[in-house]
Amino acid sequence: MSEVKEFQAETKQLLNLMINSIYTHRDIFLRELISNASDALDKMRFISLKDPSVLGEDRELEIRIDIDKDNNCLIIEDNGIGMSYEEVIENLGTIAKSGTKAFLDKLEEAKTENAIISLIGQFGVGFYSSFMVSDKVTVETRRWDKEKGVRWESDGSGTYTIEEIDKKERGTRVILFLKKDLEEEENYLDQYKIQNLIKKYSNYIKYPIKIKWEEETEEGIIKITDKTLNSMVPLWVKNKEEITEEEYKQFYRENFYDWNDPLEVIHFKAEGTSIQFTALLYIPSKVPFAFYSKEYKKGLKLYSKNVFIMDNCEGLLPDYFSFVRGLIDSPDFSLNISREILQKNKQLEIIKKNIEKKIIDALKSILEKEPQKYLEFWKEFGPILKAGLYQNIHEKSKIQDLLLFECSSSQDKITLNEYVNRMKADQGNYILYAVGKDKKTIDNLPQMEVYKDKDYEVLYLTDEIDEFLIKLMHDYEGKEFKSISSSDIKLDDDFQSKEEESKNLLDKIKEHLGEKVKEVRLTDKLKESPACIVSADEIISLNMEKTLKNFEQIPFRAEKILELNPNHEIFKVMEKIFQENPESEELKEYAELLYDQSLLIEGLEIEDIDRFIKLINKLMIKAIN
Ligand SMILES: Nc1ncnc2c1ncn2[C@@H]1O[C@H](COP(=O)(O)OP(=O)(O)OP(=O)(O)O)[C@@H](O)[C@H]1O
């Protein structure tokens with residue numbers, strides 16, 4: 001008795017897109033079906049390791065492809081785990097994957113076919129891609145431990161039928177009734193076409209993918225032989241010297257669904273340590289799709305003696321390298337290991353340490369030998385590295401040398417090590433930094449003047465997280481990070497006498513500005529500018545005030561100090577006004593104007609813009625008179 005069932009709404013939506021929107025790159029359906037078959041074989045192999053008798057006579061785990069020209073059918077068959085009646089309904093009638101909703105939303109938005117293809121490449125749509133090339137799909141399957149088989153059939157339009165059948169062999173057969181209007185280059189009944197696709201997408205599948213290969217002998221007789229289309233040997237098992245760059249790339253594209261080539265490959269075998277393992281790691285060239293979403297699963301694949309144990313084993317990578325893709329194969333892991341046990345596993349910790357060191361070494365080597373390539377890496381992954389370090393600050397010594405910063409002295413970004421090596425002898429023990437939205441803004445900060453003059457290098461922190469990170473890091477190799485806006489930087493010691501001389505004027509200005517500032521004082525840090533604002537607080541800087549303002553509930557305010565340049569013409573004018581009349585209203589207006597312009601140059605808002613403009617206008621009119 002067959003049942004007719006409706007697809008789940010999301011499945012309908014996906015099928016509709018598959019059938020009606022995609023006309024190129026349809027080849028990927030084969031990779032998806034082969035990968036499903038391979039997964040089913042993995043599961044079967046796993047079960048048989050505990051009890052080999054479950055394989056019965058059907059011992060060799062394999063995938064078969066059959067070309068049935070008479071019926072215009074392509075058949076992909078495996079003797080893997082198979083599916084029960086309920087599993088077929090669950091797996092082929094719904095989409096259970098997390099992130100499906102987000103994926104479908106993105107699909108709806110995707111305008112071009114290429115954008116859709118790229119999304120599919122990153123997400124994987126699995127079985128449903130069959131409908132890109134088929135008018136009808138039939139699945140016949142029998143679970144290894146069930147008596148009866150199941151037949152599922154659909155044309156992808158909205159419903160499917162399902163019924164119990166007799167099926168002798170264990171496993172799953174997917175029969176694609178190919179569309180009639182496929183292009184010539186999409187002739188999936190051509191054995192050469194299939195061979196090319198398998199080599200391209202599924203070469204490293206570790207089970208033989210067999211086909212009945214037709215060949216014409218010299219005598220003109222058609223000979224049919226069983227041919228294995230894939231090379232099978234897992235790439236990571238081979239010696240590095242035997243692997244070409246293209247093979248590494250191909251393996252990456254196939255296994256990690258990235259259309260871009262990886263930036264770097266790290267392949268090594270750890271032997272002689274307390275645990276043996278092989279690692280094949282890839283640093284991608286672009287941040288993986290959906291990396292910042294909850295759905296993104298980080299971690300490495302875990303194998304034991306070429307047998308797949310699990311995907312996305314998180315415990316193997318520190319947060320700051322969560323973008324690294326790849327796999328670990330270690331004979332020391334039991335195949336039955338669960339995620340929970342794994343979390344507490346000491347061997348895993350050792351592997352993690354090893355991998356981490358290799359990644360750091362690889363990145364350091366790129367930084368040293370291929371700076372341009374490192375810059376590309378930094379542009380993509382710098383924010384992830386910084387955020388990861390922020391959350392794991394106790395690990396700073398490991399990765400602080402991988403950080404790059406803009407700086408005052410050159411167009412190139414520099415490392416902390418470079419900064420320290422270039423420090424001036426009289427600079428003291430401080431690594432100076434300035435914060436702003438970009439290089440140009442910081443270049444124009446009044447406080448920068450004196451450092452330029454003294455030729456002290458300053459790190460430019462242009463990312464919002466930078467200052468928070470630097471404060472948390474506190475120092476690099478014993479040299480403390482110090483903001484150029486910090487109040488306790490004093491360059492000139494005999495400044496004190498000058499400050500005492502101007503004490504009354506400074507007190508008056510403070511009185512005029514009231515609560516706006518904590519203090520008014522002189523500075524020797526300014527050259528061209530008359531004044532600047534610095535933070536009185538080591539914890540909340542001016543820039544943090546800007547950042548924290550975005551979180552409206554938290555009214556953080558940096559305490560401010562107004563610093564004046566005693567050598568500036570304006571200061572001299574103020575001195576003169578004060579001498580003539582200490583209570584002059586004009587002095588108050590000057591003080592307000594200097595305070596407001598100092599806020600503006602720091603990128604902070606001024607409180608009373610109307611008054612600011614009025615005061616400027618007043619000065620302008622005075623200048624004419
Ligand atoms: N050949 C097969 N043998 C056994 N089960 C299968 C087979 N093909 C598919 N399935 C089952 O159907 C489910 C859904 O398959 P589908 O290809 O849609 O997604 P997936 O394989 O889970 O994800 P993806 O292909 O995107 O990695 C699979 O998870 C698996 O349980």
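Remember, it's 1-based here, ligands and their atoms both numbered in the order they're listed. Note that the numbering runs from 1 along the sequence shown for the chain.
- In terms of polar-atom proximity, Phe127 is counted as a contact of ligand 1, with an N or O under 3.5 Å from an N or O of the ligand.
- Ligand 1 has no nitrogen or oxygen under 3.5 angstrom from a nitrogen or oxygen of Tyr128.
- Sorted by first and then second residue, the salt bridge (charged side-chain N to carboxylate O under 4.0 Å, His left out) pairs with a member in residues 68-78 read Glu77-Arg173; sequence neighbours excluded.
- Within ligand 1, counting atoms from 1 as listed, the ones closer than 4.0 Å to a heavy atom of Asp78 are 1 (N), 2 (C).
- Here the options are Arg170, Arg151, Lys148, the test is salt bridge (charged side-chain N to carboxylate O under 4.0 Å, His left out), and the partner is Glu140; only Arg151 passes.
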With side chain to side chain contact (heavy atoms under 4.5 Å, CB included) as the criterion, how do Tyr292 and Val287 come out once you've worked through the C-alpha distance, each side chain's angles and the decisive distance to 0.1 Å?
CA-CA 9 Å; Tyr292 293 103; Val287 173; 4.1 Å; yes

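- Side-chain polar atoms of Tyr85 and Glu90 form no donor-acceptor pair below 3.5 angstrom.
- Closest heavy-atom approach to atom 13 (C) of ligand 1 among the candidates Asn36, Val174, Asn91: Asn91.
- For the salt bridge (charged side-chain N to carboxylate O under 4.0 Å, His left out) condition, the pairs that include at least one residue of residues 226-237, sequence neighbours left out, are Arg64-Asp226, Lys212-Asp226.
- Residue Glu32 touches ligand 1 through its side chain alone, judged by heavy-atom distances below 4.0 Å.
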